[in-house]
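Reckoned from all heavy atoms, side chains included, excluding hydrogens, waters and symmetry mates.
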Amino acid sequence: MKISNMLLAALTGIMLPAAALASDPGIEPGLVRIAGVMDLEGRSRGLGKGMKKGIEAAIKDRSVNGRKIEFLTANDSYTPSKTIIATKAMLQEKPFVFIGNVGTPTAKVSLPILAEAKVPAVGFFTGAGLLRPGKGPILNYRASYVQETAAVINRALDNGVPAKAICAYVQNDAYGMAGVTGILRALRGKPGAEHAAAALEEVLAMQGENPPRNGVGPVGVYQRNTFTARPGFDSLKAWEQKENTQCEVVVTVGAYQSIAKFAGYSRYKGRDWAISAVSFTGAENFANALRANKATDNILMTQVVPPLDSDLPIVADARKALGDSLGYVTLEGYIVGRMFLHILEDAGEEPTRKSFMNAALGKKFDLGGLVLDFTDDNQASDLVVLTRLAPDGWKTLGNDQWIK
């Protein structure tokens with residue numbers, strides 16, 4: 001016959017140590033178990049492997065209140081159907097939190113599962129609005145795609161690019177539409193953007209899996225995990241002809257191989273558009289793919305972590321921990337891992353998922369010179385840094401600079 005610790009204490013009058021009482025899943029004597037589901041084998045595996053490496057570097061040889069951190073990972077190949085299977089399987093391991101998951105379409109299917117299980121989602125590698133605030137316990141590190149696209153568009157407008165000359169090439173799913181939402185918000189109300197804004201609203205209103213969004217507005221789309229650029233390119237050409245305009249800036253929201261293929265195809269077809277990409281594209285993988293496609297001119301990218309040559313202590317720590325593996329994706333993984341450790345330390349000697357969330361929400365703290373602020377929402381950072389691709393890598397643009 002089994003007698004619970006609480007019942008035994010009541011019967012004997014002996015108070016057992018807190019550690020002997022029932023703890024939240026993932027909290028064990030000497031151990032905190034955390035988990036992540038990400039692309040480790042698919043076409044965006046550079047992102048998943050980068051986040052995994054960064055988080056592992058942050059938690060290596062670290063313990064919180066006498067507990068070491070165990071990080072379990074599973075592959076989903078950036079495919080939502082696989083995400084569901086991997087998430088449910090990982091929940092059987094009873095992790096305390098999920099951390100560092102990669103992607104918007106994958107988050108769209110995993111978050112309801114985690115919310116039902118009351119498992120916190122921490123530092124997912126996506127800037128989509130469905131996590132801001134989202135359903136269930138969620139803590140974001142990074143700036144949103146709305147903020148990233150707005151940073152590029154506002155800089156372009158400030159440097160004389162007409163609103164009607166701003167176009168987009170995006171992945172035809174929740175991730176791409178999160179970017180289109182940001183583009184619409186940045187353009188709405190700007191002189192000359194009336195037709196574009198109306199068309200973008202029509203694009204966003206389309207429902208279903210991979211709906212026919214090409215040929216509708218200043219947007220070209222491609223299907224997730226594919227590389228065919230021509231339909232999306234032709235969609236932008238059709239918009240130029242219809243509106244008697246020329247795209248000068250193409251804001252892209254997609255995966256690094258697909259966006260690089262589009263950049264290469266557009267150059268082959270004689271279009272020297274300035275092409276921007278959001279941070280999810282993955283700086284290092286994107287740069288390599290652009291070089292392979294002979295499309296390295298007029299390329300911009302927004303980053304949501306400090307520059308790699310920053311003298312901030314958090315970046316110096318990451319540089320030491322990651323060595324030659326330091327990059328924008330691994331740095332984000334490292335920051336997310338350190339953010340988790342900081343919050344866990346503040347969650348008490350016997351942390352629960354509730355005390356973990358309470359230790360972050362409404363709080364503001366310094367993480368090696370990087371200020372993380374949860375006082376107003378569940379997003380720690382609003383940092384967006386504009387960079388351009390140079391022969392020796394990504395270089396930060398000054399406050400008023402624009403690409404030549």
### Task
Dump the intermediate steps for salt bridge (charged side-chain N to carboxylate O under 4.0 Å, His left out) on K82 and E41, then the final yes or no.
CA-CA 12 Å; K82 294 183 178 180; E41 300 172 9; over 6 Å; no

### Query
Taking the side chain as C-beta and beyond, is there a heavy-atom pair between F262 and V250 under 4.5 Å?
yes

### Task
Indicate yes or no: at least one non-hydrogen side-chain atom of T245 is less than 4.5 angstrom from one of W239.
yes

#### Entry: Backbone of A86 reached by a side-chain donor or acceptor of D76 within 3.5 Å
no

### Message
Under 6.0 Å between ring centres: does that hold for Y169 and W273?
### Response
no

#### Entry: Positive for salt bridge (Lys or Arg N to Asp or Glu O under 4.0 Å) with R67, one of E350, E28, E345
E350

### Message
Please determine whether salt bridge (charged side-chain N to carboxylate O under 4.0 Å, His left out) holds for the pair E201 and R188, giving the CA-CA distance in whole Å, both sets of side-chain angles, and the decisive distance to 0.1 Å.
### Response
CA-CA 10 Å; E201 288 177 346; R188 185 181 280 135; 3.1 Å; yes

### Query
Got a second to check how far Y256's OH is from N288's CG, nearest 0.5 Å?
9.5 Å

### Summary
In terms of heavy-atom contacts, R213 and V203 come closest through NE-O, 3.0 Å

### Summary
Minimal heavy-atom distance between F124 and A107, with the atoms involved, is CD2-CB, 4.3 Å

### Message
Minimum heavy-atom separation for P25 and R353, please, with both atom names.
### Response
CB-NH2, 3.5 Å

## Note on the structure
With V109 as partner, the option from T79, T83, T87 fulfilling side-chain contact (heavy atoms from CB on, under 4.5 Å) is T83

### Message
Using only atom types and a distance under 3.5 Å, with no angle test, would you say the side chain of E93 pairs donor to acceptor with the backbone of P95?
### Response
no

### Query
Does R291 use its side chain to pair, donor to acceptor, with the backbone of F286 at less than 3.5 Å?
no

#### Entry: Exercise: identify the closest heavy-atom pair between V384 and A143
CG2-CB, 3.7 Å

### Query
Between the side chains of E209 and Q223, does any donor sit under 3.5 Å from an acceptor?
no

### Message
I want to check something: taking the side chain as every heavy atom from C-beta on, are W402 and L300 in contact at a cut-off of under 4.5 Å?
### Response
yes

### Worked verdict on E332 versus R142 for salt bridge (charged side-chain N to carboxylate O under 4.0 Å, His left out)
CA-CA 8 Å; E332 181 165 347; R142 57 175 21 242; 2.7 Å; yes

### Task
Flag this pair as yes if the NZ/CZ of R43 is under 6.0 angstrom from the six-membered ring centre of F227 and inside a 45 degree cone about the axis; otherwise no.
yes

### Query
Is K363 paired with D373 through a side-chain N to carboxylate O contact shorter than 4.0 Å?
no

### Task
Report yes if some heavy atom in the side chain of R33 is under 4.5 Å from a heavy atom in the side chain of L31; otherwise report no.
yes

### Query
Judged by atom type as modelled, is there a donor-acceptor pair below 3.5 Å linking the side chain of T252 to the main-chain atoms of S276?
yes

### Message
Between D297 and R267, does the salt bridge (charged side-chain N to carboxylate O under 4.0 Å, His left out) criterion hold? Intermediate values first, please.
### Response
CA-CA 9 Å; D297 293 332; R267 300 307 188 241; over 6 Å; no

### Query
When rounded to the nearest 0.5 angstrom, what is the spacing between CG in L372 and NZ in K364?
10.5 Å

### Task
Measure from the side-chain N and O atoms of Q401 to the backbone N and O of N399, and report whether any donor-acceptor pair falls under 3.5 Å.
no

### Query
Taking atom types as modelled and ignoring hydrogens, do the side chains of Q379 and D382 form a donor-acceptor contact shorter than 3.5 angstrom?
yes

### Query
CD1/I335 to CE/M339 distance, rounded to the nearest 0.5 angstrom?
9.5 Å

### Task
Establish, yes or no, whether a centroid distance under 6.0 Å links the rings of F125 and F280.
yes

### Query
Are more than 12 heavy atoms from other residues, nucleotides or ligands located less than 6.0 Å from atom CG of D272?
yes

### Side-chain donor or acceptor of Y145 paired with backbone N/O of A128 under 3.5 Å
no

### Task
Without swapping roles, check the side chain of T330 against the backbone of S325 for a donor-acceptor pair under 3.5 Å.
yes

### Query
Does the side chain of T387 come within less than 4.5 Å of K395's, by heavy atoms?
no

### Message
If you define the side chain from C-beta out and look only at heavy atoms, does anything of E70 sit under 4.5 Å from I34?
### Response
no

### Task
For residues E243 and H195, determine if any side-chain heavy atom of one lies less than 4.5 Å from a side-chain heavy atom of the other.
yes

### Query
Does the ring centre of F96 sit less than 6.0 Å away from the ring centre of F356?
yes

### Message
For the backbone of G42 and the side chain of R45, can you confirm whether one donor and one acceptor N or O come within less than 3.5 Å of each other?
### Response
yes

### Pairwise distance OG1(T396) to CG(D309) - rounded to 0.5 angstrom
6.5 Å

### Task
Heavy atoms only: give me the nearest A58-Y334 pair and the separation to one decimal.
CB-O, 3.5 Å

### Task
Using the ring of Y175 (Phe, Tyr or Trp, six-membered ring only), decide whether R224 places NZ or CZ under 6.0 Å from its centre and within 45 degrees of its axis.
no

### Query
How many angstroms lie between atom CG of D377 and atom OG of S144, to the nearest 0.5 angstrom?
9.5 Å

### Task
Nearest 0.5 Å please: distance from the NZ atom of K294 over to the OH atom of Y268.
13.0 Å

### Task
Run the numbers on T281 and M301 for side-chain contact (heavy atoms from CB on, under 4.5 Å), then give the verdict.
CA-CA 9 Å; T281 315; M301 190 171 187; 3.9 Å; yes

### Query
L389 and A287: which non-hydrogen atoms are nearest, and at how many Å?
CD1-CB, 4.0 Å

### Salt bridge flag under 4.0 Å for residues K52 and E56
yes

### Task
Would you check if the side chain of W394 reaches a backbone N or O of A283 as a donor-acceptor pair within less than 3.5 Å?
yes

### V122, I69, V97 screened by side-chain contact (heavy atoms from CB on, under 4.5 Å) with L344, the one that passes
I69

### Task
Go through F340 and L139 one step at a time and tell me if the side-chain contact (heavy atoms from CB on, under 4.5 Å) criterion holds.
CA-CA 10 Å; F340 166 76; L139 294 176; over 6 Å; no

### Query
Does any N or O in the side chain of S235 come within less than 3.5 Å of the main-chain N or O of G215, such that one atom is a donor and the other an acceptor?
yes

### Query
Can you find a side-chain donor-acceptor pair between Q171 and D173 that sits under 3.5 Å?
yes

### Task
With the side chain counted from C-beta on, respond yes when N101 and S110 share a heavy-atom pair under 4.5 Å apart, and no when they do not.
yes

